[in-house]
Every structure is written in C-alpha cells, then in structure tokens.
Amino acid sequence: MRLKAFFKKVSGCIPFSDCRNVVFGFFSQTPFFVLKTGKNPQWNKSQCCVNIEENCYCSLVTQNRRKDGWLMGIYLNPGNNKFKRAVNSDIYVDKTGLIKYTNSIVDTLQSCVCVSRPRRFGKSMAADMLTAYYSKGCDSRELFSSLEIAKDENFEEHLNKYDTIFLNMQEFLSRSSNVKELLERVEGKVIRELKKQYPDVELYDENDLAETMQDIFAESECLFIVIIDEWDCIFREFKHDKAAQEIYLDFLRDLLKDKEYIYLAYMTGILPIKKYGTHSALNMFDEFSMIDPGPLAEYVGFTEAEVRMLCEQYQMDMTEVKCWYDGYSFENEISIYSPRSVVSCMRFKKIGNYWNQTETFEALRIYIDMNFEGLKDDVLSMIAGNTVPVNIGNFSNDMSTFHFEDDVLTLLIHLGYVSYDYDSKTVKIPNEEVRAEYVNSVSASEWGEVSKSLKNSADTLEAIWQKRPKQVAEAISQAHFETSHIQYNDENALSYTISLALYAARNFYVIHRELAGGKGFADLVFIPRKKFPEKPAIVVELKWDKDVDGAIAQIKNKEYCRSLEEYRGNVLLVGVNYNRKTKVHECVIEEDVIGTEIV
C-alpha cells in the first residue's frame, strides 16, 4: 500500500524510461512485472505502458505475458535472448539440426538424453537453443526462420509449445555452500514460478518440486521439458563427498525418472552420468559422450565442412587450422574441431593457443602427474605423436576415483585432452593446441630431464638449420637418456626420441610421419607453415644399427623428396643412426634445393 500511495503522488506524464527505472529500483528482487495505467493504456512490444496519463498511478502486475497468457520466467519458460545473442554474433554455426533429433524422441522411452562434452564445445549454447525452441515464454518463430530446423516438416509442431524448465546448476552451486542448500534453492525458485503460472492448482506439498509438477500435470495435463546445463558440477566441486553426490543423483531420479509429466529431459555437462553401487541412479538416460557421441556426433563441435567455409570466409589457411584444432574423430569419418578455438582463430585472424584462455595447464598437470605405472611413458609417447591403448570400462565417471592409468586417460577423453578411437580402443593428443598444454604441464612439472629436453628442443632445431650434426646428435642422445625406460630397440623408438628432441619444430612446420613419396615412405617430413616460407623443409631418415650415410643415400635413391612436390625452396636431408654397440647417435645433414626439378 505504501508503494501505491507513492505512485498516487506522481502527477503529470512520467516518461517511460523514468517509470521503468523507478519500478526496477523498488523491485530488483521481483523480475516479473509490467506497468499499466487505470485508463486504457497502450502497450509496446515489451508489454510496457507508454501513455501514462495525468494523475493516474502505476500498479505492479505479473510480467511479460505472451499474447496467449503464458508468463516468461527465469527458470520456468525463459525467453530466447541468450540464443538470440549467439545467432546475432559475428560467427554463428547453425547446429539447430539437433532439434530434429530431440523432436524425434519427445514423449518416447528415449526422451531422457545426457550429452557430455569438454569445456569450450558449445554445451550451454545447445541448451539455450533448445530452451528458445520449446519454451512457452517466447515466440521464436522469426529467430529460427532462417536456420536449418525451419526446413523440417515438424518444425511448427513443437515450437514454443511446452512448459520448459531451464536450470544451470553451476549458477545454483555458486550461491550455495552445500548440496542440500543447492537443492532447496532449485526447488524454491522453480516452485515459486510454477505457482505464479498455475495459481489455481491445489498443491499437496509446496516445497517438493516433483510433487508440484505432478499436481499441475494431473489438473492441467501440461507437459514439461526439463533442460539442465552443467548438470555434473556437483561432481567437480564436491569430488570426494560421496554422500552429497548420492543425494543429488537421488533428487534428479525422483524428479525425472518414470514421470508422466516429463516430455523431454536434456542434460549436458562434462562427465557422463555417475554410477554408484552396482548401477546408475539415472539409468533411464541415453548417454552421448566424447567416447561415443552416436547420432549426435556432428553436434559435438564444428565439422570439417563448417570449418572449411569459415576459412574461406575469413581467408585462413585450412591446413594449419586443421593441424591446430582438429583431431576429434568419430564413426562415419566425422572429424570434429574445437568450436571456441576455431571462432577465436577466425575473429583474430591468428593461429594460436586459445585453449588456455578458459583453463590453465595446471588442470591437466594434476592428472598427468599421478603416480601410475606407465602413465608418464604414455604421455611422452603421445606428445611425440603416437597413440596408446586404453581400457575405458572401469572408469567411475567422476574426477576422484582412479585405480589404474586407464582411469586417468578415460577422464582426459571427457576433458578433451585426448581423443578416442572407438575401433582401435586407443587415445592420442588431438591437435597442436592441446599438445602445447601437455608441453606446458610437463615443462612445469617434476619430470626432471624430460622437462629440460622439451625446453631445449628449440636449440636442437636451430642446430639442424645451422647444419651442426654433432650438436643434433648430442641432443638426440640426451632425449634418449631421458626416455631410456622406454624399450629402445628399433627405428620406431628412435622416431619417438627424435620427436621429443624436435618438439619446437611444431611451431614452424607441419609434421608428417611415414609420408609417402617417390619409391617409399619418408620417416619424418617437416613442411614449413605458410607464415614461415623462409624456413627450409626437412626430410629425416632413421637407421637402427646401420650406416648413417646410408640414410642420406636412401632419401635420394628412393626420391622421398617427391612428397614435397608443391614445395619450392631449400630442403635439409637429415640422416640419423643409432649404434647399438657404442650406444652413440650419429647424424649427417646435407642441403639441397627443390625447384623445377625434383631432387
């Protein structure tokens, strides 16, 4: 009543902006309102009064109703502003095809979906997109009209037709000190909005969200779509609190499992669904992860075709972009790029490491420093460009339960630090951007001489450019000493050692192993990146307990330089041999030129 009296004192026409500011000042904790006058007010598109007449007062009413009477809330039936910002951005890649999949599973036994992806892979944008499409709180027809989903025959059938609850669990977590407080906040916020939308429904328990949704459905038959972003933040924040994790999983199960009122449940996060005991508390979900994204593979990140179009638009070199941001490959030869990094690369027109803008290398270092037998060897092997086998079957889907090296590697799959090959059951470092994070982590760790070798690799590369074979041989011997725990008995092991000794070459070259050329395969070929045309190409031939001069002869006789047919300029031929008896590495370097004739 005091507020009403205040407005009665206001005389004359109040400008719209002033009126809006006054109400915001008084009702910053109540986001649901519009203003109206007592005498036939006119309304603009924002549902706000623009013709407040003399001597009338403003009154508070529940806000932002669509023309059909539905409220736009914060958690119940949000608007489409967040997705609209994404669409209006300089770079937007259309992933609305995902909606076609979710439309195909609504109101079926497959209507619960959990999608896990690393950071930077567009999880929140996908959640915002689904919210904008399904929510009754907005009209998104125009927003989606030019996008892929608008061409689908079922586009109109589900557009803005459902009570949609959107929850960002990280937001609730940041305002809660424990899981119990988080869940109380979730239930209280959502129930408050449900009561505003359905004021006439008699509720059995106004503090129980599942009961409230059940009561509303029983009386109105209105179906709910529930979208949960950062669903797994509990398992990242309370890593070791098993009791809290179980309370949270039981809440989700009670809310979502076997509920008639659930038309679709879509959860997204980094981790797959946590198991406890002998089963998963949320076993009604279909899970799509970095291990097996199933039919949603093309929505994990940017596809090669999408990145190629961006490279053409922004005049970026596709070969370099692929080298730096590709590497997540799935079935049907779908190759996926890191979305955030590609967008940053295009916007700033610069190839570089954008991964570390959202996460420091310390996050990786925690895991690769764990004392599991074989882990250190496998990390070094992957830095050198190799793949390593992994058993994903024992992973507990959390960030604290590690029994074997395989558990650590499986977590790294979900974090995006390694990519997984489903057929061969192996992992590798996906691209140069992520490889740089490994090098940063190892260099800052207590890995002793290995860290020194990576730091000195720039000097080794400079020694090749300056044609100083003795210094190169010494550097390779040092790298061998540092990795001597690895079985060193053939040219493959020698290749691994040299890859570490020449890690810095990745800054200047696109590196190929076993590259076809002439009458065979060159062991290692270094082709200068386009921004470093002054650097010489390098062809390396490795020998194990043979003649180092024979390595150079083999490069020439088998015409390995034919693999460089598109390259014109200086080329360094590098032969390396390991003498098993003397345990000495030998190196020979010769220079040649590729011009109109092939060497």
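Owing to the predicted nature of the structure, the values given are computational and were not obtained by experimental measurement.
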task = Specify the closest pair of heavy atoms between Tyr337 and Val342, including all atoms of both residues, with the distance to one decimal.
result = CB-CG2, 3.9 Å
request  = Write down the atom of Arg117, the atom of Lys123, and the distance for their closest heavy-atom approach.
outcome  = O-CD, 3.4 Å
Kindly say whether [Y] contributes a backbone atom to a donor-acceptor pair with the side chain of [X] at under 3.5 angstrom?
X      : Y      : result
Ser400 : Lys239 : yes
Glu193 : Leu76  : yes
Gln245 : Phe238 : yes
Ser135 : Pro78  : yes
Lys195 : Val201 : no
Asp232 : Gly269 : no
Asn80  : Phe83  : no
Ser111 : Thr108 : yes
Glu211 : Leu203 : no

Relative to the ring of [Y], is the ring of [X] parallel (under 30°), tilted (30 to 60°) or perpendicular (over 60°)?
X      : Y      : answer
Tyr328 : Phe121 : perpendicular
Tyr263 : Tyr162 : tilted
Tyr133 : Phe155 : tilted

Does a side chain donor of either [X] or [Y] reach within less than 3.5 Å of an acceptor in the other side chain?
X      : Y      : result
Asn283 : Lys257 : yes
Asp398 : Ser396 : no
Asn353 : Glu437 : yes
Lys242 : Thr401 : yes

With side chains defined as the heavy atoms from C-beta onward, is the minimum distance between [X] and [Y] less than 4.5 Å?
X      : Y      : answer
Tyr134 : Asn160 : no
His158 : Ile149 : no
Leu98  : Tyr266 : yes
Ile228 : Met169 : yes
Val300 : Met290 : yes
Asp215 : Glu202 : no
Val190 : Phe166 : no
Thr212 : Glu187 : no

message = Using the ring centroid of each side chain, check whether Tyr417 and Trp355 are separated by less than 6.0 Å.
response = yes
Salt bridge between [X] and [Y], side-chain N to carboxylate O under 4.0 Å?
X      : Y      : value
Arg435 : Glu432 : yes
Arg141 : Glu156 : yes
Glu171 : Arg185 : no
Lys322 : Glu304 : yes

ask   = Do other residues, nucleotides or ligands put more than 12 heavy atoms under 6.0 Å from the NZ atom of Lys180?
value = no
